[in-house]
Every structure is written in structure tokens, then in C-alpha cells.
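To keep things clear, I will list the structure first and then write my remarks on it.
Worth saying up front: this structure is predicted, and the values here are computed from it rather than measured. Here is how names work: the chains are called A, B, and so on, in the same order as the sequence lines, proteins then strands, and each is numbered from 1.
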Amino acid sequence: MTFTLFDNEERMAGRAEAALRDLDFGSDEARAAYSELLDAYRKSLREQRRMMRLGDRLQEQLSTVNQELVRRRAEAERALQQLRDAQDSLIQAEKLASLGGLVAGIAHEINTPIGITVTAASILADQVAGLRRQFQAGTLARSDFEEFMTTADEASRLVLSNANRAVMLIQSFKQVAVDQTTADRRVFELKPYLSEVLTSLSPRLRRAGHRVVVECDEGLEVDGYPGALFQVLTNLVMNALQHAFEAGKTGTIRIRARLFDADTVELRFTDDGNGIAAADQGRIFDPFFTTKRGAGGSGLGLHIVFNLIVGTLNGSIAVQSQPGEGTTFIIGFPRVAPARPVAV
Amino acid sequence: MNIHDISRAPTDRSPEIQFDPDACSLSISGASFPEDGAAFYGPVLSTLDEILKALDQRCVTVRIALNYFNSSSAKALMNLFLMLDDAAQAGNQVIVNWFHAADDDTMKEFGEEFAEDVRFVRFNVIPTAVTS
Ligand SMILES: Nc1ncnc2c1ncn2[C@@H]1O[C@H](COP(=O)(O)OP(=O)(O)O)[C@@H](O)[C@H]1O
Ligand SMILES: [Mg+2]
């Protein structure tokens with residue numbers, strides 16, 4: 001016989017049944033009462049077994065539910081981690097995209113002077129060939145030579161000025177591109193740096209007809225991370241283009257930088273465009289907050305700006321905006337960056 | 001392992017059982033909600049019953065330190081205490097120490113109820129410091 005947890009009770013009931021069989025109860029009433037009691041005991045025993053099984057089953061279900069909860073929680077945590085990773089890689093992608101934008105801008109900007117140079121040089125080559133033919137045939141008239149000289153003058157002037165312009169553009173892009181791709185710290189003068197950055201961004205601005213004004217204290221030297229500053233300005237300019245100015249309308253972007261106090265640089269970036277709704281102002285730095293979802297917005301631009309200012313530059317950023325009147329981003333950061341930047 | 005060895009290593013769902021036949025001391029600790037209560041406690045209780053019945057004028061100490069048990073384990077415990085009560089009535093000195101976390105009122109009340117169900121066993125209900 002296998003063991004049951006109710007061995008005792010079964011034995012008791014068995015003894016009581018034997019007694020009912022074997023003992024003399026004296027009266028039929030006494031026997032009936034005893035038999036009734038035994039029945040009730042049997043019932044109660046069955047009830048106990050049932051309750052025990054029920055209790056165990058409830059406990060079992062509860063622990064299953066608990067395990068399920070633990071499992072789901074782990075799953076949710078895993079999903080969250082995946083989301084975080086995805087967010088990181090999207091931020092990386094946005095940074096790369098702005099690098100791509102920079103390259104496209106440079107290509108576009110340099111294309112014009114190079115194109116003019118090529119045209120002028122080929123005109124010059126044609127003219128020289130024609131002149132040589134006339135000279136060898138002995139048909140070169142004075143007037144032909146004079147005409148040639150005028151054209152040659154004009155062509156060489158164009159070649160020279162456009163080649164110079166290309167050299168200058170490449171120079172200014174070079175520093176920016178180096179800064180863009182490195183997290184290196186160096187000492188740089190702010191005003192020329194701002195002009196270089198704006199030059200690299202100006203093709204897009206000019207195409208849309210916007211005006212850019214840079215005002216900066218002369219001789220203000222910053223010891224920090226020009227790459228981060230470049231990225232910040234790029235993102236702010238792109239946002240102004242995308243969000244502040246309606247297509248077809250022109251506006252003004254004003255960048256004002258000054259020494260706020262002995263150790264702090266203040267940079268104000270202002271546009272006179274659409275402005276930002278009051279309700280949105282607290283959320284624009286959140287990752288993925290965008291009012292242009294499905295229309296080219298990733299919602300990461302200002303998040304990156306925030307991370308760079310607060311993380312890399314150890315500074316702060318705030319926004320002031322009146323809908324319809326424009327937006328100002330007020331950025332403050334130490335003129336001399338602290339020893340180790342927070343990795344972003 | 002001899003067949004009288006009723007010690008058990010703890011698992012997620014069943015308690016650690018330690019029995020020292022020389023000192024006549026038994027300890028049950030951990031959590032108890034085995035898949036099949038009768039299968040887990042059955043052999044332990046029937047072996048223990050034999051051991052207890054063979055005792056004469058001995059001192060038996062039992063330590064129960066469970067933080068959780070299910071219904072069939074509760075029934076098994078009741079059976080254990082009745083067995084111990086029989087052994088105590090037969091002339092052995094039996095002490096049960098029921099440990100419960102100081103902040104666990106349910107476990108405390110279970111202990112107090114079991115204490116009422118035995119007549120010859122000395123049954124102590126003892127709070128322990130809460131660890132977490
Ligand atoms: N200069 C601005 N003028 C008006 N709104 C702006 C400006 N800059 C940012 N915003 C608002 O902030 C939101 C978040 O900007 P951002 O993080 O760069 O994401 P995205 O440009 O991809 O939408 C934009 O969707 C826009 O609503
Ligand atoms: Mg943006």
C-alpha cells in the first residue's frame with residue numbers, strides 16, 4: 001500500500017468501522033448515532049483531501065504565474081536593452097548622415113569654381129590653337145591678336161580667381177573635416193572657426209536665400225572640442241532650414257558668441273522663423289521627439305546637440321522661443337574644457 | 001546511503017532535511033512545495049516513525065525553519081508532530097523549535113496552532129531576525 005498523508009485518519013476510520021461491526025452499542029439509537037458520526041467523519045476527511053489538493057493546486061498556479069512574471073520581466077528588460085542599442089546606432093547614423101551632408105555640401109561648393117576653371121581653360125586652349133594656325137599660315141592680323149589677348153586675359157583671370165576660390169574652400173573644409181572626424185581637443189580662435197563652419201554650411205543656406213550673421217568677440221580663444229561645436233552648429237543650422245523657415249520664405253540666422261564671464265563662453269543661435277510651440281519646448285531635446293515624423297525628421301538632431309553640449313563640452317543649453325517670432329538657443333560652455341570629457 | 005537515512009538536499013521546491021540519529025536531532029528548513037507531497041514526505045515520515053518507536057527515554061530535538069509551505073506539506077507537518085507527540089507520550093523528551101521570520105505573522109500563527117495540537121511535546125515558537 002502506498003503512503004498517503006491521511007494514513008492516521010484512515011486508520012481511525014477503519015477502527016471505527018470495526019467497532020461498528022463488532023461492538024455492542026446497547027441500543028439502536030446509539031448505533032445509529034455512532035454510524036452517523038462515522039459518515040460525517042468520512043465526509044469531512046474527503047473534504048480535507050479536496051481542500052489540500054485545491055490548496056496545492058492554487059500554490060502551483062501562483063508559482064507558475066510568478067515564474068511567468070519573472071520571465072516576462074526579463075524579456076521586457078532585454079527588449080529595452082535592444083531599444084537602447086537601436087537608439088545608439090540611430091544616433092550614430094544621424095551623425096554619419098550629417099557627415100554625408102557635409103561631404104555633399106563640399107562637393108557642390110567646389111564644383112562651381114572647378115567647373116568655371118575647366119571651361120575657361122578649354123576656351124583658352126581653343127584660342128591658342130586658332131592663333132597658332134593663323135600664325136603658321138601667315139594670316140594672323142593685328143586685330144586677331146588683340147582679340148585673342150582680351151579673351152586670354154579674361155580666361156586667365158577666371159582660372160586664377162576660381163582656382164584660388166577652390167583652394168580657399170578646401171582649406172576651410174579641411175579643418176572642419178578633421179574636427180568632424182576626431183574628438184581631439186585643441187586650442188582654437190572662435191571667430192575664424194565659426195566663419196569656417198558657416199562657410200562649409202553656406203551652400204544650402206544661400207540656395208534657400210537665407211542670411212547668416214556671425215558676431216563674435218575678437219581674439220576669443222577656446223581650449224576644447226571644435227568637432228563637437230561643428231556638429232552642434234550643423235544640427236542647429238539644419239533645423240533652422242527644416243523647421244524655422246517656410247519653403248519660399250527667407251530668414252536670418254544670427255550667431256553671437258562672447259565671453260560671458262572669465263571662464264564661460266556664451267553662444268546664442270537665433271533664427272527669426274516659425275518658433276516652437278510652448279508645449280513642445282520641454283521635449284525638443286528628447287530623443288525621437290520630432291514634429292516632422294514621416295517628413296524627414298528623426299528627432300535626434302537636438303538630442304545629439306544636447307549630449308554634445310552637456311557631455312563633451314560640459315556646458316548647458318536652453319531654448320527661448322515665441323511662436324511666429326523665432327527661436328534662440330542659448331549655449332554656455334567653459335572656455336577651457338575640463339580635463340576629461342564625458343564620452344558621448 | 002542506508003535506508004534509514006532520511007536526510008535530503010534542498011531544492012527549489014523542497015526543504016533541506018537533516019537527521020542526526022546519534023544526537024536524535026532533526027532539522028527541516030527552506031521552502032516546501034514539492035510536486036507530490038505524499039511522495040516526498042511519505043518515505044521520510046514512515047522511516048522516522050520506525051525510528052521514533054524504537055526510542056526509549058531519549059531526548060529528541062526538532063528544528064523547523066520553513067519560510068514557505070503548501071497545503072500537503074502542512075498536512076505532512078501535522079503528521080510529523082502527532083508522531084512526535086506519541087514519542088513524547090511514550091516517555092521521550094521531545095522539543096520542537098519552530099522558527100519564523102519576525103515579520104511573518106502567518107508562519108508565526110501556523111506555529112502557534114501546531115503547538116496547540118500537541119500535548120506532550122515542548123513546542124517553542126521563535127522569531128528570527130529578518131534577512132533580506
Ligand atoms: N529652429 C527651429 N525652429 C522651430 N522648430 C524647431 C527648430 N529646431 C528644432 N525645432 C523643433 O524641434 C524638433 C526636434 O528637433 P530635432 O531633434 O533636430 O529633430 P528633427 O529635426 O529630426 O525633427 C523638431 O521636430 C522641431 O519641431
Ligand atoms: Mg533636426
Side-chain angles (χ1 to χ4, degrees), chain A residues 1-23 33-78 80, chain B residues 3-4 6 8 10-15 17 28 30-53 66-89 106-107 109-110 113-114 117-119 121:
Chain A
M1 198 188 103
T2 58
F3 180 91
T4 85
L5 289 172
F6 290 89
D7 270 1
N8 274 332
E9 289 79 354
E10 290 294 351
R11 257 199 311 278
M12 286 284 291
R15 279 217 298 276
E17 265 153 17
L20 189 62
R21 230 178 18 248
D22 305 335
L23 290 186
Y34 186 89
S35 163
E36 217 174 298
L37 202 61
L38 185 57
D39 269 356
Y41 181 72
R42 281 254 178 235
K43 253 191 214 124
S44 156
L45 195 54
R46 279 196 296 276
E47 187 74 15
Q48 265 197 68
R49 282 181 201 275
R50 207 153 48 229
M51 297 305 271
M52 194 184 83
R53 278 221 308 276
L54 266 177
D56 279 4
R57 206 173 67 184
L58 264 174
Q59 190 281 331
E60 202 63 36
Q61 283 168 348
L62 207 72
S63 81
T64 313
V65 168
N66 256 332
Q67 279 164 12
E68 182 66 10
L69 273 176
V70 168
R71 199 180 60 74
R72 292 213 185 155
R73 194 199 152 106
E75 226 168 54
E77 265 160 15
R78 236 187 347 267
L80 186 65
Chain B
I3 55 151
H4 285 300
I6 57 173
R8 298 283 185 275
T11 72
D12 288 356
R13 355 188 3 155
S14 62
I17 300 180
I28 302 179
S32 179
F33 49 104
E35 214 159 290
D36 182 343
F40 180 80
Y41 281 107
V44 175
L45 291 182
S46 43
T47 308
L48 199 65
D49 196 33
E50 281 173 40
I51 295 169
L52 289 172
K53 286 203 167 103
L66 292 169
N67 49 39
Y68 184 82
F69 53 80
N70 65 356
S71 307
S72 51
S73 301
K75 180 66 179 125
L77 286 172
M78 188 64 224
N79 289 356
L80 169 67
F81 295 142
L82 292 179
M83 254 176 220
L84 291 167
D85 213 30
D86 288 346
Q89 190 176 13
T106 312
M107 279 304 182
E109 280 159 24
F110 279 139
E113 278 173 28
F114 282 132
D117 286 334
V118 292
R119 274 185 299 163
V121 166

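Comparing B/A76, B/G37, B/S71, B/A74 by how many heavy-atom pairs each has under 4.5 Å with chain A, the most go to B/S71.
Under 4.0 Å is where a charged nitrogen must lie from a carboxylate oxygen, and between B/K53 and B/D49 at least one such pair does. Salt-bridge check for A/R21 with A/E17: failed, with every basic side-chain N at 4.0 Å or more from each acidic carboxylate O. Salt-bridge formation is not detected for the pair A/E10/A/R15: no Lys NZ or Arg NE/NH1/NH2 atom is positioned less than 4.0 Å from an Asp or Glu carboxylate oxygen. Electrostatic pairing of B/K75 and A/E9 counts as a salt bridge here, judged by a charged N lying under 4.0 Å from a carboxylate O.
The shortest heavy-atom contact between A/Y34 and A/L20 is CD2-CD1, 3.6 Å.
At a heavy-atom cut-off of under 4.5 Å, chain B is reached by A/D56, A/Q59, A/E60 from residues 56-69 of chain A, listed in order of number.
Atom CZ of A/R71 has more than 12 heavy atoms from other residues, nucleotides or ligands within 6.0 Å.
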